[in-house]
> 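Got a structure for you, questions after.
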Amino acid sequence: MLDIKFMRENPKLVEAAMVQLGTADAPVAEALALDAQRRQVLQKVEALRAQRRAVSKKIGRTKDPVEQQALIESTRLAGDHLTALEMELRQIESQFRDAMLRIPNLPDPGVPVGKDEHENVVVKQWGEPREFDFTVLPHWEIGEALDILDIRRGVKLAGSRFYVLKGAGSHLQRALINWMIDIHVQEHGYTEVWPPVLVRSETLVGTGNLPKFAENLYHDAEEDLWLVPTAEVPVTNLYRDEILPPGSLPIYHVAYTPCFRREKAAAGKDTRGIKRVHQFDKVEMVKFVEPEKSGEELMRLLDDAEDIARRLELPYRVVQMCTGDLSFTAAIKYDVELWAPGAGEWLEVSSVSNFKDFQARRANIRYRPAVGQPPRFVHTLNGSGLALPRVMIAILENYQQRDGSVVVPQVLRPYMGGLDVIR
RNA sequence: GGAGGGAUGGCCGAGCGGACGAAGGCAGCGGUCUUGAAAACCGUUGUGGUGCAAGCCACCGGGGGUUCGAAUCCCUCUCCCUCCGCCA
């Protein structure tokens with residue numbers, strides 16, 4: 001959520017930002033009009049309430065029953081008027097809030113301006129794609145041949161875009177999760193969290209997934225609970241409606257969760273393999289920091305994600321999103337992409353964003369800089385560290401050998417009982 | 001799932017229709033005293049909205065209602081506790 005005061009003072013700037021984001025349909029003008037209306041009605045309501053309070057106090061003090069009755073009669077009509085106005089105010093406020101919740105975050109001034117993903121900027125590349133002296137296979141062929149990935153049976157159980165890992169495939173996944181969390185906790189300074197993966201609507205509003213992106217989420221109507229699309233949702237909301245005491249920041253959390261995405265919009269895209277599925281696993285990093293620090297914290301968060309790719313010795317590149325490809329909530333965002341030789345493409349395995357105070361406003365997450373000082377909104381950031389199925393794809397495709405076996409990355413071997421080759 | 005009891009400021013806890021943004025205690029902060037500290041004493045301490053400002057308004061778990069007036073009465077939701085049932 002944007003700061004309404006900032007919007008009032010800089011309407012042109014906000015409108016211009018919406019054009020850059022390619023979301024000129026965002027209800028900025030509507031929100032501003034509702035805000036003006038809201039304040040107008042609010043002033044009337046407050047004046048009437050002040051008046052009512054004064055009369056009521058007088059009624060309480062009046063001893064003479066006749067005089068008291070006269071006062072009650074005189075103010076009854078004003079009361080009805082007030083009730084009507086209050087109802088109007090409530091309606092305006094709810095419309096106002098709804099409009100505010102549908103306006104995206106403003107891009108950081110440093111974000112390259114661009115129309116869509118074609119204008120994203122590759123800012124870094126690490127590692128050399130391996131040269132193969134045999135025909136490289138895509139991960140689904142490698143996985144099926146080794147009997148560690150069973151897509152057909154996954155589909156039997158749950159439908160398209162579901163899969164089953166088996167034997168060393170399952171073990172590799174478990175190893176990756178444990179190893180990644182250990183690195184982030186022991187070497188990057190994060191505190192581990194194991195949150196619920198079913199959450200309430202308010203939780204999803206806090207991170208910006210609702211109200212706008214309900215169609216991408218799984219929802220249990222009976223209990224009104226939602227399956228999280230990422231650990232970002234429960235972990236960011238950990239401190240919703242709280243004022244963190246002085247000295248609390250920065251807070252770094254890392255969490256593993258399964259992630260659930262309906263991806264209705266993506267039907268028909270990336271249908272082969274496990275690149276785009278409805279349920280996947282992910283290790284996610286979330287930071288809560290002071291506003292002045294979020295810029296540098298973003299770069300460190302990005303490096304923490306890259307570090308995982310480097311340790312796995314997987315070639316990767318870092319791409320900065322242009323304005324047109326920025327997510328709804330991010331002010332600035334980088335993707336880490338692993339090279340997948342089998343499919344011949346770069347796979348997004350991490351999306352590292354600074355949301356500044358956008359989520360903090362929605363979720364009402366504040367901190368007190370020092371005793372006696374007023375609270376301020378924190379800045380939130382997050383990044384995958386990393387998304388499992390695509391790391392799995394990259395490992396299978398990069399580490400494949402002529403005979404169909406797959407070498408286990410050095411760093412994972414202690415987590416796989418010393419196994420060095422899956423065959 | 002069934003029966004009952006609760007939710008008040010950072011914490012504990014009073015208030016059950018008007019004098020309550022809310023007694024009292026604790027904690028915190030400032031001060032007096034002290035070589036320093038403790039004790040004692042005095043003072044002070046919530047969040048937000050709105051307005052140029054003085055100020056005004058809102059908030060006693062959330063939302064709605066009754067009333068001239070609600071922390072207090074009614075409805076509803078959420079959460080917590082006790083007992084029974086069920087359960088990995």
Side-chain angles (χ1 to χ4, degrees), chain A residues 1-9 31-101 194-206 210-211 219-226 234 237-249 258 357-378:
Chain A
M1 195 150 61
L2 300 182
D3 180 2
I4 184 61
K5 283 182 192 152
F6 180 84
M7 287 175 63
R8 289 205 284 254
E9 285 157 21
L32 286 169
L34 285 163
D35 174 53
Q37 213 182 331
R38 178 186 131 254
R39 284 184 295 158
Q40 201 183 359
V41 177
L42 181 64
Q43 279 179 45
K44 283 193 216 164
V45 166
E46 291 193 347
L48 282 171
R49 285 209 274 238
Q51 194 187 324
R52 179 186 67 185
R53 220 158 99 141
V55 176
S56 293
K57 273 195 171 138
K58 200 167 162 192
I59 292 169
R61 282 194 303 263
T62 304
K63 294 283 182 317
D64 178 18
V66 176
E67 197 183 325
Q68 204 171 47
Q69 199 53 42
L71 277 170
I72 290 171
E73 295 300 334
S74 76
T75 192
R76 192 169 277 151
L77 212 69
D80 291 345
H81 183 42
L82 178 60
T83 306
L85 270 182
E86 279 176 331
M87 204 174 293
E88 190 187 339
L89 180 64
R90 265 204 298 277
Q91 204 180 334
I92 293 167
E93 275 177 343
S94 112
Q95 285 171 3
F96 169 66
R97 183 173 161 77
D98 187 68
M100 289 299 283
L101 288 177
W194 200 291
V197 297
L198 277 168
V199 298
R200 295 210 172 114
S201 308
E202 303 93 276
T203 305
L204 286 148
V205 170
L210 287 179
H219 180 225
D220 169 43
E222 200 158 344
E223 303 291 340
D224 194 22
L225 284 172
W226 306 72
N237 278 278
L238 232 35
Y239 305 108
R240 190 179 63 210
D241 291 321
E242 292 190 28
I243 299 172
L244 301 164
S248 305
L249 301 183
D357 61 4
F358 187 81
Q359 291 183 325
R361 283 204 140 78
R362 290 181 159 244
N364 193 27
I365 306 167
R366 292 172 295 171
Y367 76 105
R368 200 179 295 281
V371 174
Q373 284 186 22
R376 300 176 73 196
F377 287 110
V378 303

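In what follows, chains are A, B, ... by sequence order, proteins preceding strands, each numbered from 1. Computed from a prediction, not measured in an experiment: that's the story for all the values here.
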> State which of B:U47, B:U50, B:G18 makes the closest approach to the side chain of A:Ser56.
B:G18
> Quick one: is B:G48 close enough that its OP1 or OP2 comes under 4.0 Å of any side-chain N or O from A:Arg366?
yes
> Rounded to whole angstrom, note down the P distance from B:U72 over to B:G63.
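Rounded to whole Å, the distance is 13 Å.
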> When the P atoms of B:C11 and B:G64 are considered, how many whole Å apart are they?
25 Å
> Just compare B:G65, B:G46, B:G28 and give me whichever is closest to any side-chain atom of A:Arg90.
B:G65
> From C-beta outward on A:Ile72, which listed nucleotide comes closest to its side chain: B:G65, B:G21, B:C68?
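Of B:G65, B:G21, B:C68, B:C68 is nearest to the side chain of A:Ile72.
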> If you count heavy atoms of other groups shown closer than 6.0 angstrom to CD of A:Gln91, is the number above 12?
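No - once you tally the heavy atoms of other residues, nucleotides and ligands closer than 6.0 Å, there are 12 at most.
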> Starting from P on B:C68, measure out to CG on A:Asp80 and report it in whole angstrom.
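Rounded to whole Å, this separation is 9 Å.
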> Which part of the nucleic acid, if any, lies within reach of A:Arg61 when heavy atoms closer than 4.0 Å are counted: base, sugar-phosphate only, or nothing?
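The residue A:Arg61 makes no contact with any strand.
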> So what does A:Pro375 hit on the nucleic acid, given a heavy-atom distance under 4.0 Å: a base, only sugar-phosphate, or nothing?
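Sugar-phosphate, backbone atoms only, no base.
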> Determine the contact category for A:Arg8: base if any of its heavy atoms lies under 4.0 Å from a base atom, sugar-phosphate if only primed atoms, P, OP1 or OP2 are that close, otherwise nothing.
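Contact class for A:Arg8: sugar-phosphate only.
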> What's the closest nucleotide to the side chain of A:Ala50 if the choices are B:C57, B:G18, B:U50?
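Side chain of A:Ala50 sits closest to B:C57.
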> Now, which nucleotide makes the Watson-Crick or G-U wobble pair with B:C41, with each of the two distances under 3.5 Å?
B:G31
> Rounded off to whole Å, could you give me the CG-to-C1' distance for the A:Leu225 and B:C77 pair?
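Whole-Å distance recorded here is 14 Å.
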> Take atom C1' in B:A39 and the same atom in B:U32, then report the distance between them in whole Å.
13 Å
> Of A:Asp35 and A:Arg76, whose nearest nucleotide on RNA chain B comes first from the 5' end?
A:Asp35
> By nearest nucleotide on RNA chain B, pick out whichever of A:Arg200 and A:Gln68 is the more 5' one.
A:Gln68
> Which listed nucleotide (B:U47, B:A19, B:C68) is nearest to the side chain of A:Lys57?
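So the nucleotide nearest the side chain must be B:A19.
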> Rounded to the nearest Å, what distance is computed from the CD atom of residue A:Glu202 to the P atom of nucleotide B:G62?
14 Å
> Can you tell me, in whole Å, how much space there is between the P of B:C57 and that of B:A19?
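Per the computed distance, 14 Å lies between those P atoms.
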> With a 3.5 Å cut-off and just heavy-atom distances, do the side chain of A:Glu46 and the base of B:G49 make a donor-acceptor pair?
yes
> Would you mind reading off the distance between A:Arg49 atom CZ and B:C59 atom C1', rounded to a whole angstrom?
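In whole Å, B:C59 C1' lies 11 Å from A:Arg49 CZ.
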> Ignoring backbone atoms, establish whether A:Arg53 has a side-chain N or O less than 4.0 Å from OP1 or OP2 of B:C56.
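Indeed not, no polar side-chain atom of A:Arg53 lies that close.
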> So, A:Glu73 and A:Arg76, do they make that salt bridge, N to O below 4.0 Å?
yes
> Can you figure out which of B:C56, B:U50, B:U47 approaches the side chain of A:Leu42 most closely?
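Nearest to the side chain of A:Leu42 among the choices is B:U50.
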> If I take atom NZ in residue A:Lys5 and atom P in nucleotide B:G48, what distance separates them, rounded to the nearest angstrom?
9 Å
> Where do A:Asp220 and A:Trp226 land on the side chain to side chain contact (heavy atoms under 4.5 Å, CB included) test, with the steps shown first?
CA-CA 6 Å; A:Asp220 169 43; A:Trp226 306 72; over 6 Å; no
